[in-house]
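Remember, it's a predicted structure, so these values are computed and weren't measured experimentally.
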Amino acid sequence: MRRSLLNIVFSLLVLSMMTGCWSKVELDERVFVNGLYLDVGKTPGTVAVTISTPLSNRLQSGQESGGGSSSEKPYSLLTQQSTSISKALETIHKDLSRQLSLSEIKIIMISQKYGKQGISDLLEWIKREPDVPIGAYILVTSGDLQETAHLTPVFEQLPTTVLLSFASQGYMLNTTIRDCIVSETAGLGFAVTQLKTGTIISAADAGKKEAWAGIQGAALFQQDKLKGALPYEEAKVIAWAKGNLRFPIYSVQWDETRGNADVKFTYTNGRTSVKMTNEGPVFTVHLKGRASIIAKKDALNRPIKDISGIIMERLNHRISADFNKSIKASQKSGADVLQLGFLLEWNYPAFWNNVKEKWPDYYSHHAKINVVTNFSFDDFGKEY
């Protein structure tokens, strides 16, 4: 009898864990949003909200049976505008047959116009909407937002997968909503990867052009407003200083023999420090890296070891110049994108208390920022 009771209890425990069919019913009743796109609405005082959602029925048919026409996109884009993000989402939601789920948002993209207007409404909504992950990446597009949202995912199934790669794989910056909220609260700036739009020739139909997007550089924010932008090469150094950049390639040249070389970094690291002087704080950005020479052209045909010193000198000069340009642009915008204010507060709290209320102005006109490079060559390619 006792053994029978134990068998019954064990069977009940096993049955209690077999709830997969309940989850299946719940999934069938939901629409999972993986991308959120925000633009200024056509009517003054409104916001245009677009959601991107995968279509599970088309994804399954393509994966399991290879069925489905190539013209059938495995995702949907729905747009509405209203006086707020939540009201626009409600307008989208009321016309759907399933419940909207915001917990799977991976990417939030905004237009330049929306960024210049200010993203405080977006940040405030996310602070109060528990379903939206604050770890979602944020991107800016300099082109038409709808064109970017409709980009052709050449190697992927979903456009949001491409955008997620731009944000997370070390091509540029990996700024998240969490970073934006922290920066806004502290009164500091931040930088966001900025994309550009264009067209490409369709791989499936050579006569057809399709929407395309790529990395243009970085958008500069001070607190919640977009203040400026950096081109790609200058934005790379900011990403490097923040520890985001992987495997950058630089080209350098020297005039005496019209020589040039391409250098690929296999390791990069960035950190910042501050020292108080009689004239105020002096910040130093340390850029460290190891590189390989992957191509070279030299009119004198000298061995690579003999000209490695020239290449290193030019490399230091090139990257330092890019850094100084980027810092000058950020100071002109009043955007402390390296968040040096945090460093100052941590090391010299009394000084920070005196300048924190006017920090954007102090950063623009008084902050002294130097760069120190520490590079080495791992190898010289296949020549050695």
Side-chain angles (χ1 to χ4, degrees), residues 142 154-155 162 165-174 191-198 200 212-220 228-271 285-330 337-338 369-384:
S142 62
V154 178
F155 299 105
V162 179
S165 295
F166 289 155
S168 64
Q169 291 192 2
Y171 303 134
M172 187 55 65
L173 296 153
N174 59 358
V192 173
T193 297
Q194 180 165 285
L195 305 183
K196 57 185 176 181
T197 56
I200 58 173
W212 165 89
I215 295 177
Q216 180 175 9
L220 309 180
L230 293 175
Y232 179 69
E233 292 297 328
E234 294 166 25
K236 280 200 308 186
V237 191
I238 295 298
W240 189 335
K242 293 178 68 66
N244 298 152
L245 193 64
R246 296 180 62 200
F247 311 129
I249 296 177
Y250 284 88
S251 296
V252 296
Q253 57 185 13
W254 47 98
D255 296 332
E256 55 267 28
T257 62
R258 297 182 181 178
N260 59 72
D262 290 340
V263 176
K264 179 179 181 179
F265 281 88
T266 55
Y267 166 80
T268 58
N269 180 263
R271 67 179 182 88
V285 177
H286 305 263
L287 301 178
K288 186 176 182 180
R290 297 194 303 269
S292 297
I293 299 175
I294 57 175
K296 68 100 175 175
K297 180 181 179 182
D298 181 54
L300 301 179
N301 200 28
R302 291 169 290 184
I304 191 70
K305 281 190 174 182
D306 293 350
I307 58 173
S308 62
I310 297 174
I311 296 173
M312 180 61 73
E313 178 190 355
R314 298 295 180 177
L315 188 64
N316 277 282
H317 181 269
R318 163 70 190 279
I319 294 175
S320 296
D322 285 348
F323 176 83
N324 290 328
K325 287 179 184 177
S326 67
I327 288 299
K328 185 177 180 180
S330 72
V337 294
L338 293 180
I369 307 166
N370 300 320
V371 61
V372 173
T373 58
N374 180 9
F375 305 146
S376 62
F377 288 131
D378 277 341
D379 58 69
F380 304 120
K382 293 180 180 178
E383 185 174 338
Y384 286 92

Practice task
Kindly assign one of parallel, tilted or perpendicular to the pair Tyr250 and Phe265, based on the angle between their ring planes and the thresholds 30° and 60°.
Solution key: perpendicular

So which heavy atom on [X] is nearest to which on [Y], and how close?
X	Y	value
Asp262	Ser251	OD1-OG, 2.6 Å
Leu230	Ala329	CD2-CB, 3.5 Å
Ala241	Val285	CB-CG1, 3.7 Å
Ser292	Asp378	OG-CB, 4.3 Å
Leu245	Lys236	CD2-O, 3.4 Å
Ala191	Leu173	CB-CD1, 3.5 Å

Just verifying a value: how many Å separate [X] [atom1] and [Y] [atom2], rounded to the nearest 0.5 Å?
X	Y	atom1	atom2	answer
Asn374	Arg290	CG	CZ	10.5 Å
Thr266	Phe377	OG1	CZ	11.0 Å
Ile215	Ser165	CD1	OG	9.5 Å
Ile311	Trp254	CD1	CH2	4.0 Å
Ile327	Glu234	CD1	CD	10.5 Å
Arg246	Thr268	CZ	OG1	9.0 Å

Practice task
Decide yes or no for Gln194 and Tyr232: does some side-chain heavy atom of the first lie under 4.5 Å from some side-chain heavy atom of the second?
Solution key: no

Problem - Sub-4.5 Å side-chain heavy-atom contact between Phe375 and Val263 - result: no

Exercise for the section: In plain terms, say whether Glu233 and Arg318 are close enough for a salt bridge, that is, a side-chain N and a carboxylate O under 4.0 Å apart. Expected result: yes

Problem - Verdict with supporting geometry, Ile238 and Leu338, side-chain contact (heavy atoms from CB on, under 4.5 Å) - result: CA-CA 7 Å; Ile238 295 298; Leu338 293 180; 4.2 Å; yes

Practice task
Let me see the working for Asn370 and Val372 under side-chain contact (heavy atoms from CB on, under 4.5 Å), right down to the final yes or no.
Solution key: CA-CA 7 Å; Asn370 300 320; Val372 173; 5.7 Å; no

Determine yes or no for a side-chain-to-main-chain donor-acceptor pair under 3.5 angstrom, with [X] supplying the side chain and [Y] the backbone.
X	Y	answer
Thr193	Met172	no
Lys296	Pro303	no
Ser320	His317	no

Practice task
Flag this pair as yes if the NZ/CZ of Lys288 is under 6.0 angstrom from the six-membered ring centre of Tyr267 and inside a 45 degree cone about the axis; otherwise no.
Solution key: no

Exercise for the section: Dump the intermediate steps for side-chain contact (heavy atoms from CB on, under 4.5 Å) on Asn174 and Ser168, then the final yes or no. Expected result: CA-CA 5 Å; Asn174 59 358; Ser168 64; 5.7 Å; no

